[in-house]
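Take a look at the structure set out below.
Quick caveat, the model's predicted, so the values are computed rather than measured.
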Amino acid sequence: MSHVFSPYRSVGVVCNTVPPVVRFHPGHREFYVSTVAEKRLLTYKVSNSGLKTVSDPFPEEVTCLTQHKGHVIAGGSLGGLFIVRNSREVDAYPAAAQGVGLRFLECFGHLLVGVTEDNRMHTWTMLPDIAIGQLIGTVELDASAYPVSALCHPFTFTNKIVLGSAGAAAHLQIWNVVKARLVHAFQPLEAGVTCLTQAPAEDLLAVGLASGLILLHHLRCDVTVVKLRQDFGPVAGLTFRTDGQPIMLSGSRQGQVTVWHLEDRRVCGLLNDAHPSAAIAGLACLHSQPLLVTTGADNCLRIWIFDRPGDHLPRLLHQRAGHSRPPSD
């Protein structure tokens with residue numbers, strides 16, 4: 001019997017604008033990237049961009065993803081929390097506020113932190129059997145003064161999360177999520193924060209702004225050590241090579257990816273058509289590998305490789321692509 005029309009198959013849909021999750025499976029010795037397509041999670045092999053699994057359907061639209069011990073955790077448009085086991089089975093957990101969607105999720109250690117559409121930050125415990133435990137704290141942030149636009153856990157800060165704001169007085173804040181206490185507020189920035197990424201160096205956070213400015217900020221010393229500016233407007237994503245090369249990459253909302261040499265503090269490459277005329281949705285270098293994963297609003301997943309001696313610009317290795325626009329006459 002043909003399996004062409006089996007219900008777990010997807011046709012033409014590769015990804016949407018939810019940033020994907022990239023993870024390594026030690027048993028398979030394989031990297032996987034999971035994207036969102038409608039109400040399902042699609043998991044691809046990075047080695048050949050082949051579709052590995054399609055999850056069971058979620059009961060609501062998925063708005064954000066994170067991971068914990070090899071499993072994907074998803075947040076929904078109605079506030080639901082879901083753990084996807086084996087990239088297929090969807091376990092549902094109660095919402096912090098029913099009907100209020102989740103915008104961001106971050107999991108670290110035994111904690112799961114989420115920010116909802118009403119600008120509240122919630123913290124849950126993670127149980128040893130890969131389950132979401134009780135809600136241990138909620139912080140209500142002033143949506144008019146400090147609308148949260150990004151969050152990141154700095155890996156040397158226990159129980160801490162860094163928040164970024166898109167407000168007029170945009171700045172970074174460090175919160176202790178267990179005590180629900182503001183630890184430190186940094187100086188105002190020139191524009192709203194669009195993305196936050198942990199740099200490979202200890203205590204260093206990469207901050208992307210709506211003005212195109214990129215900062216590498218030392219959190220403990222409260223000092224900006226590097227300032228760069230991309231030419232294509234707001235920074236849509238940041239990632240770092242961790243295979244021995246001092247390279248950072250930034251994405252734009254127009255589809256370009258800029259390659260930065262951090263020691264020389266200069267542009268050393270430009271992918272002008274990484275995702276033509278479509279915002280970069282996801283941008284991630286694989287740990288200790290010369291590989292880059294990008295997704296865009298053009299319904300395309302691309303895998304790039306850095307394999308040209310003396311050239312820091314990656315080349316396209318393989319891709320999965322669908323229609324980026326509805327068909328027309």
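To the nearest 0.5 Å, atom CG of residue Asn86 and atom OG1 of residue Thr43 are 10.5 Å apart. Taken from SG in Cys195 to CD1 in Ile280, the straight-line distance is 12.0 Å, to the nearest 0.5 Å. One distance of note links CG of Leu151 with OG of Ser165; it measures 13.0 Å at 0.5 Å rounding. Put simply, CD on Glu140 and NE2 on His122 are 9.5 Å apart, with the number rounded to the nearest 0.5 Å. To the nearest 0.5 Å, the span separating OG1 on Thr63 from CD on Glu61 amounts to 9.5 Å. In this structure, Met121 CE and Phe104 CZ are separated by 12.5 Å, a value rounded to the nearest 0.5 Å.
With sequence neighbours excluded, the residues forming a side chain to side chain donor-acceptor pair (under 3.5 Å) with Asp91 are Arg85, listed by chain and number. Partners of Asp118 by salt bridge (Lys or Arg N to Asp or Glu O under 4.0 Å), not counting sequence neighbours, listed by chain and number: Arg120. Partners of Arg23 by side chain to side chain donor-acceptor pair (under 3.5 Å), not counting sequence neighbours, listed by chain and number: Ser34, Ser87. Taking Arg220 as the reference, Asp203 meet the side chain to side chain donor-acceptor pair (under 3.5 Å) condition, with sequence neighbours excluded. With sequence neighbours left out, Ser77 forms a side chain to side chain donor-acceptor pair (under 3.5 Å) with no residue at all.
Looking only at side-chain heavy atoms (C-beta outward), Lys52 and Tyr44 stay at 4.5 Å or farther from each other. Counting only heavy atoms from C-beta outward, the side chains of Asn159 and Leu111 approach each other to under 4.5 Å. A 4.5 Å side-chain heavy-atom check between Pro314 and Leu271 finds at least one atom pair inside the cut-off. Using a 4.5 Å heavy-atom cutoff, the side chains of Met248 and Leu228 are in contact. Looking at heavy atoms from C-beta onward, Leu292 lies out of side-chain contact with Leu286 at the 4.5 angstrom threshold. Side-chain contact between Thr35 and Asn16: absent, with no pair of heavy atoms (C-beta onward) separated by less than 4.5 Å. Residues Leu291 and Leu317 form a side-chain contact, since some pair of their non-hydrogen atoms from C-beta on lies under 4.5 Å apart. A 4.5 Å side-chain heavy-atom check between Thr224 and Leu216 finds every atom pair outside the cut-off.
Within the structure, ring-ring contact (aromatic ring centres under 6.0 Å, His included) contacts touching residues 66-85 (residues at least two apart or in different chains) are Phe58-Phe82. For residues 191-201, no pair satisfies side-chain hydrogen bond (donor to acceptor under 3.5 Å, both in side chains), with sequence neighbours left out. Judged as a ring-ring contact (aromatic ring centres under 6.0 Å, His included), not a single pair has a partner in residues 267-288 (not counting sequence neighbours). Pairs of residues two or more places apart, or lying in two chains, never qualify as side-chain hydrogen bond (donor to acceptor under 3.5 Å, both in side chains) while including a residue from residues 100-111. Judged as a ring-ring contact (aromatic ring centres under 6.0 Å, His included), not a single pair has a partner in residues 225-252 (not counting sequence neighbours).
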Worked verdict on Val293 versus Arg302 for side-chain contact (heavy atoms from CB on, under 4.5 Å) = CA-CA 6 Å; Val293 175; Arg302 290 194 166 104; over 6 Å; no
Take Leu65 and Leu105, measure what side-chain contact (heavy atoms from CB on, under 4.5 Å) needs, and give me the verdict at the end.
-> CA-CA 6 Å; Leu65 298 175; Leu105 279 176; over 6 Å; no
Would you please test Val177 and Phe108 for side-chain contact (heavy atoms from CB on, under 4.5 Å) and show each step?
-> CA-CA 11 Å; Val177 295; Phe108 54 95; 4.1 Å; yes
For side-chain contact (heavy atoms from CB on, under 4.5 Å), just list the numbers for His312 and Trp260, CA-CA rounded to whole Å, side-chain angles, deciding distance to a tenth of an Å, and then say yes or no.
-> CA-CA 9 Å; His312 295 292; Trp260 303 89; over 6 Å; no
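Residues Leu283 and Leu316 are members of one and the same hydrophobic cluster, defined by side-chain heavy-atom contacts under 4.5 angstrom among Ile, Leu, Val, Met, Phe, Trp and Tyr. Linking ILVMFWY residues whenever their side-chain heavy atoms come closer than 4.5 Å, directly or via other members, places Val33 and Ile305 in the same cluster.
Atom CZ of Arg308 has more than 12 neighbouring heavy atoms from other residues, nucleotides or ligands inside a 6.0 Å radius. Within 6.0 Å of the CD atom in Glu30, the count of heavy atoms belonging to other residues, nucleotides or ligands exceeds 12.
The pair Asp56-Arg88 does not count as a salt bridge, with every side-chain nitrogen at least 4.0 angstrom from each carboxylate oxygen. Salt-bridge formation is detected for the pair Arg229/Glu190: a Lys NZ or Arg NE/NH1/NH2 atom is positioned less than 4.0 Å from an Asp or Glu carboxylate oxygen.
Taking every heavy atom of both residues into account, Cys300 and Ala321 meet most closely at SG-CB, 3.8 Å. Among all heavy-atom pairs drawn from Ser149 and Ala166, the shortest one is OG-N, 3.3 Å.
In the hydrophobic clustering, where aliphatic and aromatic side chains (Ile, Leu, Val, Met, Phe, Trp, Tyr) are joined below 4.5 Å either directly or transitively, Leu127 stands alone. Other residues sharing the hydrophobic cluster of Ile174, ordered by chain and number and joined by side-chain separations under 4.5 Å: Phe157, Val162, Leu172, Val183, Phe186, Leu189, Val193, Leu196, Leu205, Val207, Leu209, Leu213, Leu215, Leu219.
If you check the side chains of Glu263 and His261, you find no donor sitting under 3.5 Å from an acceptor. No side-chain donor-acceptor contact under 3.5 Å links Glu202 and Thr156. No side-chain donor-acceptor contact under 3.5 Å links Ser277 and Gln254.
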